[in-house]
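Working notes, structure below.
Basis for what follows: all heavy atoms, side chains included, without hydrogens, waters or symmetry-related copies. Per chain, numbering begins at 1; letters A, B, ... match sequence-line order.
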Amino acid sequence: MDTATAAASVPEADARREAIRVEDLHKSFGNLEVLKGVSLTARQGDVVAIIGGSGSGKSTMLRCINFLETPSSGRIVIGGEEVAMRGDGSPANQKQIERIRTKLAMVFQQFNLWTHRTLLENVIEVPVHVLKVPKSDAVARARQLLERVGLGGKEETYPAYLSGGQQQRAAIARALAVDPSAMLFDEPTSALDPELVGEVLTVIRDLAAEGRTMLLVTHEMKFAREVANHVVYLYQGRIEEQGPPAEVFGNPQSDRLKQFLSSVA
Amino acid sequence: MTGLFEFLGLGASAELLSLSGWGGNLLRGLANSLQIAFGAFGLGLVIGLFGAYGKLYGGKVTRDLLAIYTTVIRAVPELVLILILYYVGSDIINKVSEGLGGGRVEINGVAAGIWVLGVVQGAYATEVLRGAINAVPAGQIEAAKSYGMPGLMIMRRVTIPAMMSFAVPGLANLWLIATKDTALLAVVGFNELTLETRQAASSTRAYFTFFLAAGFLYLMVTLCSGAVFARVEKWARRGQPSLKGGTS
Ligand SMILES: Nc1ncnc2c1ncn2[C@@H]1O[C@H](COP(=O)(O)OP(=O)(O)OP(=O)(O)O)[C@@H](O)[C@H]1O
Ligand SMILES: [Mg+2]
């Protein structure tokens, strides 16, 4: 597969704006090369599911996109703006990174809510302090968002008093509060008890339905098949296979993907 | 009550301790002690915060220098440090003053005390805060980063508030040590509570009375501090369910 031009959607016919483009991304930790040239494009409204075995580099790829990890080489273009990188892959312009990060809201496996702040404070934190939205506006919006993810009435509660599912939904509200142009989900349901997975998936499904752009690392194959319009299978730091979910799940080409799908089924 | 005083032979003590008598001197000494303890604790916190960040995120040279600072300060007895820092400090100031053509400078006792104890406190605070910062779950700092917070804002809005619950018990200890270390400043002739007490005691020969009174004052400081820190800790631990079980 030609990874350099692999696109999430049919390239020619698609006039939707590009949200995220990754070109030939490499990342090594010391001697361990974790990403060996990954390219990927997500257009506005795309839901790209990233699947693959443990250690295949899914999280690392996601984290390179907003520079939580420093890529070793490659190009990253967010909303048409290329992130300036030094020769060693480190961001050349910290201000640019910070600005771009506010457009890419990340939802973590472990939620990572700020435990010393209430849910409302968590949700308004970035709008008020980073985006300089007037506090009253941010609060009103945060209340709506918490309501929307089913946490109305929990505004003044601290995260530690909530279930994992509630915390993750609050984390999604925090992500929505920055009005992101794309959302990055890293296994948002993997830390949850099985009975709590559904409530989080429901929220994500709604976001997909309203046309949010997202990159979603997940082990929930059924869910990926249902919400994604493009699926990427990562194997040992390379994109082994990708395409529409019906193809990838219904008619896998490579043996590795076949094996992977039968192992998670 | 007065009967008890008389029985214990304390009628004279009460007289001696009256505010117009030596009691006023003791309270002035206490005020001086507290002033220095406050200043030193504050200075120690500032040094400690920079020290902790330096140790965690600084370059090799910074880390080595800080390691020397915390090791030396914590290895040498405080009394010796106070003598060294006090005389070295005043010597330097005088040299500078003479170099600039001025005369000898009268060292301000409070400022000197704050500087000397603050440097000592800073070494311990560095370690307390370093441990506390390390205890903050990395994910919370990562989340802040991923939402575009600049470094200083992360420190102010996330790291420092989140580490407080880990730091407060250690800082409370440091504060109590600060109040008690002020007594060591007596050796350089600073009029804090212990020196005032000794002067009152030797002038009146009522050693028992005055040292007991001083002990009582130190105890009160400790008790009040305990109450204040209990509240601070409760605030710092907001959001964390108590281990004793039950919610809120
Ligand atoms: N900070 C790091 N330092 C060194 N090695 C790392 C680091 N982060 C990840 N790795 C290694 O990189 C490889 C890919 O890790 P990554 O977390 O991207 O995998 P993943 O596909 O997300 O796996 P999982 O499904 O288990 O989350 C692993 O071998 C991992 O050990
Ligand atoms: Mg992962």
Side-chain heavy atoms of B:Leu193 within contact of B:Leu26, under 4.5 Å: yes
Looking only at heavy atoms and a cut-off of under 4.5 Å, which of B:Arg238, B:Arg157, B:Met149, B:Met164 has the most pairs with chain A? B:Arg157
Answer yes or no: is there an ion pair linking [X] with [Y], defined by an N-O contact shorter than 4.0 Å?
X	Y	value
B:Lys55	B:Glu127	yes
A:Lys95	A:Glu98	yes
B:Glu196	B:Arg28	no

Need one label for [X]: side chain, backbone, both or neither, based on atoms under 4.5 Å from any heavy atom in chain A.
X	result
B:Met153	side chain
B:Pro137	neither
B:Ala138	neither

Is there a donor-acceptor contact under 3.5 Å linking the side chains of B:Thr194 and B:Tyr218? yes
I'd like to know which of A:Thr157, A:Thr102, A:Val130 tops the heavy-atom pair count under 4.5 Å against chain B. A:Val130
Most heavy-atom pairs under 4.5 angstrom with chain B, which of A:Pro180, A:Ala171, A:Ala175? A:Ala175
Can you say whether [X] sits under 4.5 Å from chain B via the side chain, the backbone, both, or neither, judging by heavy atoms?
X	value
A:Leu104	backbone
A:Arg174	both
A:Leu113	backbone

Under a 3.5 Å distance rule, please check whether A:Thr189 uses its side chain to pair with a backbone N or O of A:Leu192 as donor and acceptor. no
For A:Leu32, look at atom CG and say whether over 12 heavy atoms of other residues, nucleotides or ligands are found less than 6.0 Å away.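 Count over threshold, so yes.
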